[in-house]
Trainee: 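The structure is given below, and queries will be raised subsequently.
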There are 4 protein chains.
Amino acid sequence: MKAIEVFAEKGYHETTVDEIADNLNVAKGTIYYHYKNKKQLYLALINEGFATLKGRVFEIVEGSGNAEEKLKRLIQVQVDFFQEYSNITFIFLREFYGNVINRHELTAILNEYLDLIAGILNEGQENGQFRPLETEVTTFMIFGAVAVSTLNYLHQPAGLTPELFLKNVIEGIFYGIKGVERQK
Amino acid sequence: MKAIEVFAEKGYHETTVDEIADNLNVAKGTIYYHYKNKKQLYLALINEGFATLKGRVFEIVEGSGNAEEKLKRLIQVQVDFFQEYSNITFIFLREFYGNVINRHELTAILNEYLDLIAGILNEGQENGQFRPLETEVTTFMIFGAVAVSTLNYLHQPAGLTPELFLKNVIEGIFYGIKGVERQK
Amino acid sequence: MKAIEVFAEKGYHETTVDEIADNLNVAKGTIYYHYKNKKQLYLALINEGFATLKGRVFEIVEGSGNAEEKLKRLIQVQVDFFQEYSNITFIFLREFYGNVINRHELTAILNEYLDLIAGILNEGQENGQFRPLETEVTTFMIFGAVAVSTLNYLHQPAGLTPELFLKNVIEGIFYGIKGVERQK
Amino acid sequence: MKAIEVFAEKGYHETTVDEIADNLNVAKGTIYYHYKNKKQLYLALINEGFATLKGRVFEIVEGSGNAEEKLKRLIQVQVDFFQEYSNITFIFLREFYGNVINRHELTAILNEYLDLIAGILNEGQENGQFRPLETEVTTFMIFGAVAVSTLNYLHQPAGLTPELFLKNVIEGIFYGIKGVERQK
DNA sequence: TATGAATGAGAGTTCATTCAT
DNA sequence: AATGAATGAACTCTCATTCAT
């Protein structure tokens, strides 16, 4: 079991450095040899995890296609990531609403990511594909909707296939619970 | 300062029972006279807070109007509540993704609330107002979108008036970033 | 359940005043109305119990019969008492070897009792019925032998009838594991 | 002062872990590094002490001589031990009649020891040296008589030399207060 | 005479951190 | 570069005792 998974399973405060050391098969002192303290270890692990997500999303942003296509792919990547690295997602949401001490560092990490989403939204509004909503609000709605629904899906799949789940999420974000495609 | 606010500000583990007692102007022993332990105090406070939200939403559900009108009002109530009781919302999101120990109790509290949302969604789908999306997925998307965007709005209002913020949230949930009203 | 039994079952320190109050069906404050503190309550209960034993033994000492007959009856009374009031016996042995604070009070209580045994032993030695052993040593040996064997008998009866158990104790004390009746 | 002596002097509950740590000249945490909790430390110390007694007695049991000679030596060893390690003896008697929680562990420790005595008694009865008394009863009588009289002797020597004290104990156990050597 | 909510000193325990090896 | 025994500050929780009613 990797260190990040231990943290994810039990939370920062309920995970001891002893447990981390046990899972890593190293002595406790070794951890302090590599990291200044428990918190720095924790932040390093989170950063590492999110770097992966940012990397994948960055490829999409820089890649080909219009805003709509990019956003679809981004949602898919995000859903996949939240499933694959559910432990990091847990940690992130938890800490984002968590103690004031870490918020600053974590907000910085998250904002870098959300800026990528915001960029796509702006691009889509400029070329008329998306409706003129406040990017700041929409970005967080998308992030919240995808994260919370995915984590719930992981907990209690409710009989849906992954494909059907993804389709529902995308449709919800693109057309809401009520809207339809514009008449061309 | 009330006990729940102390927890909200610093988080469960970083809040000591001494601090709670100081803020309540009672002796530490008094807290243990009324609550079995720190955790039970914490859960009791959360329950109390959420009971308020559930009460308000229940009025809407049982009240007049069709599903669309109800959902609009529900979102408004939820946004208002998240603003008024942002501390409880923080706590809740944090713990929901938090340690495994509390998850069971908290999930029970949350599910009661989400069932109310699900009821409205089903009603709207049955009478044709809403599109046929999976209720299970949509419910969590709405909750996540509203919670995360509202909390972010509280942190960094970004120049939006509360009315404009609410309008954006409702439009996002009803029509997504792309959909439009159906042609009658 | 009476207060003394609660103490006997769990020991002084592991019994709370709350438990005593519950068992007595009175409020905690009431106990402090009648007794100065927990310790005084405890000593009062022990005194009460031992007064019973002393009373019974005193009757024997003052009664008819020679030393041998008296000692036999005394042993029987002691065995009976230890069985009937095993809780007090437990408490007594425990405290006798227990904390230094109570030892003084309890030793006084015990000594009054042991003096009665010593008196019988002296009487028996003077009239030649008993061998000339040091009364001080013998008294404690008898007390220890009877108490420890009886408490063990209460715990694990080992298939002996009460009569057979008593017979063994008396024989052990009178003739040891090896001795026989003198030739007349 | 060793940890066991602190416990012996003040009793389990009235001895704090801080005191133990002070006497050992280590930090409190060090104790918890080596022992799970206060109770396990306590039991470990008792076990250690009794292992010494068992070792000495085992040598006798396995050694040369008939049952009578063995028992004499055993009593002497026991008296010596109770004097040398009076603190452990105190603790043991106290706890044996003490709280229910420890009884199980302590009974196990004691039984191993008493079995050694019982073995000698049986051997002596089989070869006709000892009278046919119930071993189960006699074993506990001997243990109780030796322990209680020795502890009392330690408290108030009453003018007896150690040799005279031991002689009285052995005679009491072998011939009781009344019996004599059989006619050969 | 009786109550029981409130108290607070003091206890056991945890665990991130250090440092001699 | 790695270790793990030792640390001690800080925490949760207990419970005998008090006192206003």
Trainee: Closest to the Y32(D) side chain: dG12(E), dT17(F), dA6(F)?
Mentor: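 Nearest listed nucleotide: dG12(E).
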Trainee: Counting Watson-Crick and G-U wobble pairs only, both distances under 3.5 Å, name the nucleotide matched with dA9(F), or none.
Mentor: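 Across all strands, the one nucleotide that pairs with dA9(F) is dT14(E).
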Trainee: By nearest heavy atom, map H34(A) and T30(D) onto DNA chain F; which one lands nearer the 5' end?
Mentor: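 Closer to the 5' end of DNA chain F: H34(A).
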Trainee: Sort out the partner of dT21(E) for me: Watson-Crick or G-U wobble, both distances under 3.5 Å, none otherwise.
Mentor: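 Per the H-bond distance test, dA2(F).
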Trainee: Parallel, tilted or perpendicular: which one describes the rings of Y12(A) and Y42(A), with boundaries at 30° and 60°?
Mentor: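 Tilted, since the angle between the ring planes falls between 30° and 60°.
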Trainee: In this structure, how many angstroms lie between the P atom of dT13(E) and the CG atom of N37(B), rounded?
Mentor: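 N37(B) atom CG is separated from dT13(E) atom P by 17 Å.
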Trainee: Nearest whole angstrom, please: distance from the C1' of dT18(E) to the NZ of K36(A).
Mentor: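 About 14 Å, once rounded to whole Å.
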Trainee: If each of G29(B) and K38(B) is mapped to the nucleotide of DNA chain F with the nearest heavy atom, which maps nearer the 5' terminus, i.e. the 5' end?
Mentor: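 Residue closer to the 5' terminus by nearest nucleotide: K38(B).
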Trainee: In whole Å, I'd like the distance from the OH atom of Y35(D) to the C1' atom of dA6(F).
Mentor: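 These atoms are roughly 15 Å apart.
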Trainee: Spell out yes or no: do the side chain of K28(C) and the base of dT17(F) have one donor N/O and one acceptor N/O closer than 3.5 Å?
Mentor: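 Yes, the side chain and the base share a sub-3.5 Å donor-acceptor pair.
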Trainee: Rounded to whole Å, how long is the line connecting atom CG of D18(D) with atom C1' of dG8(F)?
Mentor: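 In whole Å, dG8(F) C1' and D18(D) CG are 10 Å from each other.
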Trainee: Could you tell me the separation between the CZ atom of F7(B) and the CD1 atom of I20(B), rounded to the nearest 0.5 Å?
Mentor: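 F7(B) atom CZ to I20(B) atom CD1 measures 4.0 Å (nearest 0.5 Å).
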